[in-house]
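Accompanying notes for the structure given below.
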Amino acid sequence: TWFTSYGVEVLGVKENVVFCMITATALLFVVFALLAGMIGTRAGRKRTILVGLAVFLADLVALALFRLPSLMWLFLAVAGIAWALINVNSITIVWELARGNRVGTYTGLYYFASAAAQISSPPALGLVIDRIGMAALFPSALVFMALAALLMLGVRRGESSEATPA
């Protein structure tokens, strides 16, 4: 939602270039989604998510510090790979946590929380940007991804039976 404004205002690039930049994230997510699932099954979902979160956090630091359009492509591509490691394995942990006929309920709760975050984060970030400026985009994301990593550290179940426990 805010990346187009960031690209135009902070990076000084045209909207169509910003669109292509952010497409790198989606493209790499799609390319790595299947591999992320296989890695999660073999290495452990929690471990895979934590690696994805660590890579994403490092990537957000780089995005906040290096405001060069030429580097944004690389950083946004890395974000897509990290997001695949996180996202693909998150829903599978939820399914493993749900026992028996509760899979539908847990899936509904997962998507409810995900949609609530998608709905509430743009206006909340808008308030931060109004007060601090557009450069707050990636540092704000960094705070919430760090919170996600802390919460993930508390997960104790949900691993695949094939995985080595983290």
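Note that these values count all heavy atoms, side chains included, but never hydrogens, waters or copies made by symmetry. Start at 1 with the first residue, then count along the sequence. Not measured: the values here are computed from a predicted model.
- Tyr106 pairs by the ring-ring contact (aromatic ring centres under 6.0 Å, His included) definition with nothing, not counting sequence neighbours.
- Residues Val31 and Met38 share a hydrophobic cluster, clusters being chains of Ile/Leu/Val/Met/Phe/Trp/Tyr side chains in contact below 4.5 Å.
- Side-chain contact between Ile91 and Asn87 is absent, with no heavy atoms from C-beta onward closer than 4.5 Å.
- Hydrophobic clustering of Ile, Leu, Val, Met, Phe, Trp and Tyr side chains at less than 4.5 Å, counting indirect connections, unites Val30 with Ile86.
- For the atom pair Ile49 CD1 and Leu151 CG, the distance stands at 12.0 Å (nearest 0.5 Å).
- Here Leu137 contributes atom CG and Leu142 contributes atom CG; the two are 11.5 Å apart, rounded to the nearest 0.5 Å.
- Connection of Leu57 to Phe144 is not established within any shared hydrophobic cluster, with ILVMFWY side chains joined at heavy-atom distances below 4.5 Å, either directly or through further cluster members.
- Atom CE of Met72 and atom CG of Leu63 lie 5.0 Å apart (nearest 0.5 Å).
- Smallest separation of non-hydrogen atoms from Tyr110 and Ser90: OH-CB, 3.8 Å.
- To the nearest 0.5 Å, the span separating OG1 on Thr23 from CG on Leu28 amounts to 11.0 Å.
- Using a 4.5 Å cut-off on side-chain heavy atoms (C-beta onward), Glu96 and Thr92 make no contact.
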Item to complete: Give the C-alpha distance, both sets of side-chain angles, the deciding distance and a yes or no for side-chain contact (heavy atoms from CB on, under 4.5 Å) between Val55 and Ile81.
Response: CA-CA 9 Å; Val55 170; Ile81 295 167; over 6 Å; no
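- In this structure, the side chain of Thr107 engages the main chain of Val103 through a donor-acceptor pair within 3.5 Å.
- In this structure a side-chain-to-backbone donor-acceptor pair under 3.5 Å is missing from Thr48 to Leu85.
- Contact of the Phe75 side chain with the Met21 side chain is not registered, since no non-hydrogen atoms from C-beta on lie closer than 4.5 Å.
- Thr4 contributes atom OG1, which lies 10.5 Å from atom CD of Glu9 (distance to the nearest 0.5 angstrom).
- The shortest side-chain heavy-atom distance between Asp59 and Met145 does not fall under the 4.5 Å cut-off.
- Side-chain contact between Phe138 and Phe3 is present, with heavy atoms from C-beta onward closer than 4.5 Å.
- Closest heavy-atom contact between Arg67 and Leu11: O-CD2, 3.4 Å.
- A continuous path of Ile, Leu, Val, Met, Phe, Trp and Tyr side chains, each step under 4.5 Å between heavy atoms, connects Tyr6 with Phe66, placing both in one hydrophobic cluster.
- In this structure, the separation between CG on Leu125 and CD1 on Ile132 is 9.5 Å, given to the nearest 0.5 Å.
- Residue Leu150 is grouped with residue Leu50 when hydrophobic side chains (ILVMFWY) are merged at heavy-atom distances under 4.5 angstrom, including chains of intermediate members.
- Taking 4.5 Å as the limit, every side-chain heavy atom of Val155 sits out of range of all side-chain heavy atoms of Arg45.
- For the pair Thr25/Phe29, no side-chain contact is recorded, criterion being any heavy-atom separation below 4.5 Å from C-beta on.
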